[in-house]
Amino acid sequence: MQLFNQTIWNDSESDGYEPLLSEKGLIDVEVGETDLPDDLTRDTLQLPKLSEPELARHYTRLSQMNYGIDNGPYPLGSCTMKYNPKFTEDIAALPATAVHPDRDSVSVQGTLEVYSTLQEYLGQIGGMDAVTLQPPAGAAGEFTGILIAESLHESNDESKQRNEVIVPSSAHGTNFASAAMAGYEVVELPADSDGRVDLDALSAAVGDSTAALMLTNPNTLGLFERNIEEIADIVHEAGGLLYYDGANLNALLGRARPGDMGFDIMHYNVHKTFATPHGGGGPGAGPIGVKQELKQFLPTPQVRETDDGYELFEPDQTIGKVHGAMGNWLVLLKAYAYISRLGNEGLRDTSAKAVLNANYLASQLDLEIPFRPFHHEFVASAGEQDAADFAKRMLDYGVHPPTTKWPETVPEALMTEPTEAESKKTLEQLATAFNAVSNEEFEALEQAPNRTSAQRIDQTSAARNPQLSWQHLDE
Amino acid sequence: MTNQFDQTNTEKINNCTGSPFTPHTKADVREMLDTIGSENVEELFDIPESIRFDDRLNITVASEQQVTAQLAQTLTQNSAQTEFLGRGHYSHYVPSIVDHISLRSEFLTSYTQYQPEITQGFLQALFEYQSLLVELTGLNVANCSMYDAATALGEAATLAARVRQVSGSRILVPDYLRTERRAVLENYVIGTNLTVEAFATKNGQTTPEVLDRALDDDVVMVYLENPTTEGVIEEHLDELGSLIEKQDSLFCLGSDLVALSLLQTPASVGADVVVGDASVLGLPTAYGMGLGIFACRDDYIRQVPGRLVGASEDAHGERTFTLTLQTREQHIRRERATSNICTNQAWVALRTAIHAAYLGPSGLISLAKKCHQLPEKVATVLDEIDGISAPIRDCHHFREFKASVESDAHLLADELMADGFAIHALNADVIQICVTEANERHVDDLAQSITEVLE
């Protein structure tokens with residue numbers, strides 16, 4: 001068995017672990033004289049003051065209390081937490097990357113070349129005709145895609161009538177939220193008994209009011225929607241568009257393309273599929289790809305290559321902007337470097353090993369896996385056990401647990417995605433943890449974790465009595 | 001079709017796999033397939049023949065050394081320019097410790113803190129970041145990041161629509177608002193009945209008279225900036241705040257962390273929400289990649305978009321941290337969520353927190369004072385050059401100012417670019433210059449270059 005061996009920095013001066021910066025040295029500094037009228041300035045600023053060595057130790061200690069993919073596997077279904085190569089950080093740190101967004105395009109030709117080539121690479125990978133890199137995250141990409149769908153309907157004088165977006169019940173919560181943000185009614189689509197889109201339900205749901213269907217393929221159960229061409233026909237015949245959620249694109253790299261399946265719009269989660277570090281929750285980037293007929297609606301500005309180099313331009317019927325500048329440039333640069341490193345063969349190998357790993361891990365588990373065959377991820381059921389407790393107990397076996405309790409179509413779901421980056425041996429360790437926990441009593445699960453630096457955290461009281469800053473900590 | 005070319009390339013990378021980032025040996029793959037009961041990996045793909053992609057992607061594999069060299073070469077096409085650019089995106093010197101600490105892989109390679117028991121380090125760092133914003137804004141609640149200033153402004157508008165579920169439909173913004181930010185705002189309110197209108201400012205400032213005339217019961221939110229995109233410090237925020245409060249509109253103020261270290265706190269002038277860009281600390285200009293600030297009064301605690309870190313206790317009664325109030329979020333509330341934001345800018349927030357802690361309160365205040373003093377100094381230098389009048393406005397500045405030029409401003413900018421200086425040309429006869437500690441030492445060279453161009 002492997003165990004977490006996170007460092008705990010218990011300080012005698014504080015109740016908790018590593019003290020807060022504010023507990024180490026909070027001082028109140030007067031702003032003092034300026035040539036501004038007194039009422040335009042603040043009086044004091046109360047913040048910690050620490051020396052550089054003290055700060056270095058504080059943050060190093062915090063890092064030692066944190067788990068990343070470099071510490072071990074992170075089999076979170078739909079999150080695609082894979083190993084991030086190191087060299088991309090060196091490229092992102094090159095001084096030439098630090099350019100202001102208002103620079104004349106003539107003086108940032110290097111940056112624009114990266115944008116242009118990455119657009120082209122992503123277009124090929126997704127089977128799409130044009131790409132924008134502007135959305136700063138996957139959900140921002142969804143929102144952008146829905147705005148583009150709306151613009152198309154607007155140009156056909158159908159935007160008033162087409163006020164519904166159809167989303168499968170098992171879809172990512174962001175799909176619902178993004179469609180609602182754009183002002184659409186969300187129509188939930190039930191799955192059929194084998195976990196895929198129910199074609200009859202879809203036929204019943206589509207109509208004159210359908211703006212789009214949002215779908216990921218493979219879906220959140222890891223299942224490939226084999227009837228995707230039929231689904232596309234149903235939606236298109238009703239006058240709707242098909243939107244592809246790129247969260248699961250890792251499973252298809254080099255083997256199938258949303259554009260060939262009939263999708264009109266898609267987003268890419270470059271921080272998932274293309275191994276850019278997740279940074280504790282971001283930044284990511286959520287480029288979108290569209291088919292030819294939607295090209296003119298892309299956000300402004302777009303990048304294109306001309307005889308005189310690269311230039312920015314405004315698409316004819318642009319939806320406007322979804323980010324104040326050009327999105328998360330450094331993340332896009334890392335994705336570009338990763339894709340270039342792998343090439344065609346590497347990308348194909350990625351999907352091969354991702355799917356192989358998921359299938360191998362599943363073959364080692366004693367748990368029930370209701371839906372098969374799956375691709376890069378699968379949803380096991382914790383059965384009688386509570387999935388959230390199951391996850392906490394897995395921590396005691398030294399591994400990061402899978403995504404839990406979602407999708408809701410599987411009771412006590414453990415949604416597991418090992419990714420291609422894990423070795424056979426690591427998969428076996430994961431399986432050992434799954435199997436051990438599945439044989440334990442409820443009580444052992446409820447009391448877990450016991451072997452981590454912080455033990456079971458009370459999330460209910462955190463929500464009931466929110467303390468969101470050191471200024472508002474209870475005594 | 002697997003051809004000889006595939007195999008040759010594949011061998012080159014890692015003996016037996018195509019990706020250098022998959023750890024399997026040939027023997028592993030064979031054993032794994034045998035266990036599963038498959039002949040080969042292709043069998044595992046449940047994809048109909050009609051949509052299989054059997055073509056090659058025209059993306060050529062390259063070694064790490066080749067990719068690094070190629071990108072370094074590509075980026076040399078970004079000409080080295082000394083930037084005097086601002087208008088909402090600012091360059092401040094980032095101390096070395098920020099890179100060294102934030103690049104520790106336990107931080108950089110971690111995911112959202114869904115298992116707080118093993119991610120206390122990042123949670124505490126984000127809690128400290130939230131606390132920094134609480135002190136700087138004077139408001140009670142700050143989330144742990146939005147994408148950038150523009151998207152944070154958009155989120156403020158949708159929050160206004162939610163908390164004021166009355167008849168109002170107008171959002172007022174100043175005419176100095178950057179077109180990019182306004183364009184993002186327009187898109188964010190597309191799903192609401194809100195419309196965005198600009199009001200006129202005088203001498204670069206919002207006057208109580210103009211705002212009073214524009215305000216009525218229909219106004220859901222008023223957005224102001226301090227300092228403005230044009231580098232002006234607003235002088236009547238107190239009075240403006242009272243006017244907005246009287247109409248019961250949401251008062252959203254745009255600012256940044258350096259400015260907030262010196263200027264009157266948003267809370268003291270009645271702001272309900274503060275947005276802006278926090279990456280002024282911790283990140284280079286990075287072609288506009290940012291870190292959106294979102295802070296608000298605690299009345300809106302269950303309406304805040306984005307993630308919140310809260311303090312709690314673990315089973316031993318020790319203080320710990322966890323993501324909290326998640327029932328607002330898209331993964332739980334779906335179409336009724338306060339926002340669709342999921343992946344955010346957490347790592348940039350970590351960098352910002354480290355940078356701010358490095359400066360400390362006195363460092364932040366002196367940096368902010370410098371940002372206030374420098375524009376005036378530089379404007380005086382430029383004003384002595386024939387053909388340029390700086391600053392255009394008689395007011396207090398922060399980091400930047402506008403100047404009028406007698407010749408074509410765009411032509412001037414182009415000629416300066418040839419000399420290695422980047423400035424804003426706003427229209428035919430107005431330029432804008434931004435100066436901080438990062439470009440301060442190049443001011444004399446800029447003045448020299450402008451003199452030569454204008455001669």
Side-chain angles (χ1 to χ4, degrees), chain A residues 16 29 45 47 49 59 62-63 65-70 87 96 98 100-101 107 109-110 136-137 139 173 176-178 180 182-183 186 224 277-284 320-321 324-325 328-329 340 343-346 349 352-353 355 360 420 423-424 452 454-457 462 467 469-470, chain B residues 18-19 22-23 28 32 41 44 46 57 61 64 67 74-75 77-79 83 85 101 104-106 108-112 117-118 120-122 131 134 147-148 150 183-184 191 284-285 287-289 310-312 314-315 319-320 324 330-331 334-335 337 340 342-347 360-362:
Chain A
V29 175
L45 186 60
L47 287 171
K49 176 60 197 162
Y59 282 108
L62 293 187
S63 76
M65 294 160 65
N66 210 66
Y67 186 82
I69 192 71
D70 284 5
F87 76 106
H100 192 284
S107 76
Q109 287 291 299
F176 298 86
S178 300
V186 179
F224 196 84
H278 285 51
K321 289 191 66 66
N328 282 337
W329 149 238
S340 307
N344 176 60
E345 291 76 17
D349 188 52
K353 299 291 171 50
V355 172
Y360 182 69
E420 72 280 8
S423 68
K424 178 169 174 282
T452 48
Q455 305 201 350
R456 176 75 70 119
I457 291 171
Q467 302 171 65
S469 62
W470 64 50
Chain B
S19 164
T22 57
D28 287 342
M32 291 163 80
V41 176
L44 301 174
D46 181 26
L57 296 165
V61 60
E64 176 178 316
V67 176
T74 300
L75 290 171
Q77 296 170 67
N78 284 357
S79 61
E83 296 173 346
L85 301 171
I101 294 294
R104 285 186 65 94
S105 70
E106 301 92 333
L108 183 68
T109 76
S110 66
Y111 195 66
T112 308
E117 288 85 359
I118 53 168
Q120 283 299 299
F122 217 126
S131 306
V134 164
Y147 307 128
D148 72 341
V184 172
T285 39
Y287 208 47
M289 174 167 160
S312 188
D314 75 356
R319 185 183 65 210
T320 54
T324 193
Q330 37 69 32
H331 58 275
R334 307 210 299 189
E335 72 268 31
N340 73 338
C342 181
T343 292
N344 55 30
Q345 306 286 107
W347 183 69
S362 36

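Note on naming: letters A, B, ... go to the chains in the order of the sequence lines (proteins, then strands), and numbering restarts at 1 for each one. Quick caveat: nothing in here was measured; it's all calculated off a predicted structure.
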side-chain contact (heavy atoms from CB on, under 4.5 Å) between B:E117 and A:R456, worked out: CA-CA 7 Å; B:E117 288 85 359; A:R456 176 75 70 119; 4.2 Å; yes
Set of residues satisfying side chain to side chain contact (heavy atoms under 4.5 Å, CB included) with respect to B:E106, sequence neighbours excluded: A:S63, A:N66, A:N71, B:R104
Side chain A:S178, main chain B:N340, donor-acceptor under 3.5 Å: no
Under 4.5 Å from a heavy atom of chain A, the part of B:L85 involved: both
Donor-acceptor pair, side chain of B:E83 and main chain of A:H100, under 3.5 angstrom: yes
Among A:A177, A:A325, A:G320, residue most engaged with chain B (heavy-atom pairs, under 4.5 Å): A:A177
When B:G191, B:P361, B:P284 are compared by non-hydrogen pairs under 4.5 Å with chain A, the top option: B:P361
A:N328 side, atom CG; B:Y147 side, atom OH - distance, nearest 0.5 Å: 9.5 Å
Pick from B:T285, B:T109, B:T324 with the largest number of heavy-atom pairs that fall under 4.5 Å of chain A: B:T109
Max heavy-atom pair count under 4.5 Å with chain A, selected residue of B:T112, B:V41, B:L57: B:L57
Which of B:N344, B:L75, B:V67 touches chain A most, by non-hydrogen pairs under 4.5 Å: B:N344
Spacing of A:F176 atom CZ and B:R334 atom CZ [to the nearest 0.5 Å]: 3.5 Å
Partner chain B: residue of A:G324, A:P101, A:G68 with the largest heavy-atom pair count (under 4.5 Å): A:P101
Nearest heavy-atom neighbours spanning A:Q109 and B:N78: N-OD1, 3.5 Å
Max heavy-atom pair count under 4.5 Å with chain B, selected residue of A:P136, A:A139, A:G280, A:A98: A:G280
Whether B:Y287 and A:W329 hold their rings parallel, tilted or perpendicular, with breakpoints at 30° and 60°: perpendicular
Which residues share a side chain to side chain donor-acceptor pair (under 3.5 Å) with B:S312, sequence neighbours left out: none
Point-to-point distance, once rounded to the nearest 0.5 Å, from CD1 of B:I118 to OH of A:Y67: 6.0 Å
Over all atoms of both residues, closest heavy-atom pair of A:A454 and B:T320: CB-CG2, 3.9 Å
Closest-packed option against chain B by number of heavy-atom pairs under 4.5 Å, given A:G343, A:A352, A:A137: A:G343
Heavy-atom pair of closest approach, residues B:Q345 and A:P283: OE1-CB, 3.4 Å
side-chain contact (heavy atoms from CB on, under 4.5 Å) evaluation trace for A:T452 with B:Q120: CA-CA 10 Å; A:T452 48; B:Q120 283 299 299; over 6 Å; no
Largest heavy-atom contact set with chain B, pairs under 4.5 Å, which of A:G173, A:A96, A:S423: A:G173
OG1-NE2 distance between B:T343 and A:H278, expressed to the nearest 0.5 angstrom: 6.5 Å
Between B:D46, B:V184, B:T74, B:D148, the one whose heavy-atom pairs under 4.5 Å with chain A are most numerous: B:D46
Within-4.5 Å side-chain heavy-atom neighbours: A:E420 and B:S19: no
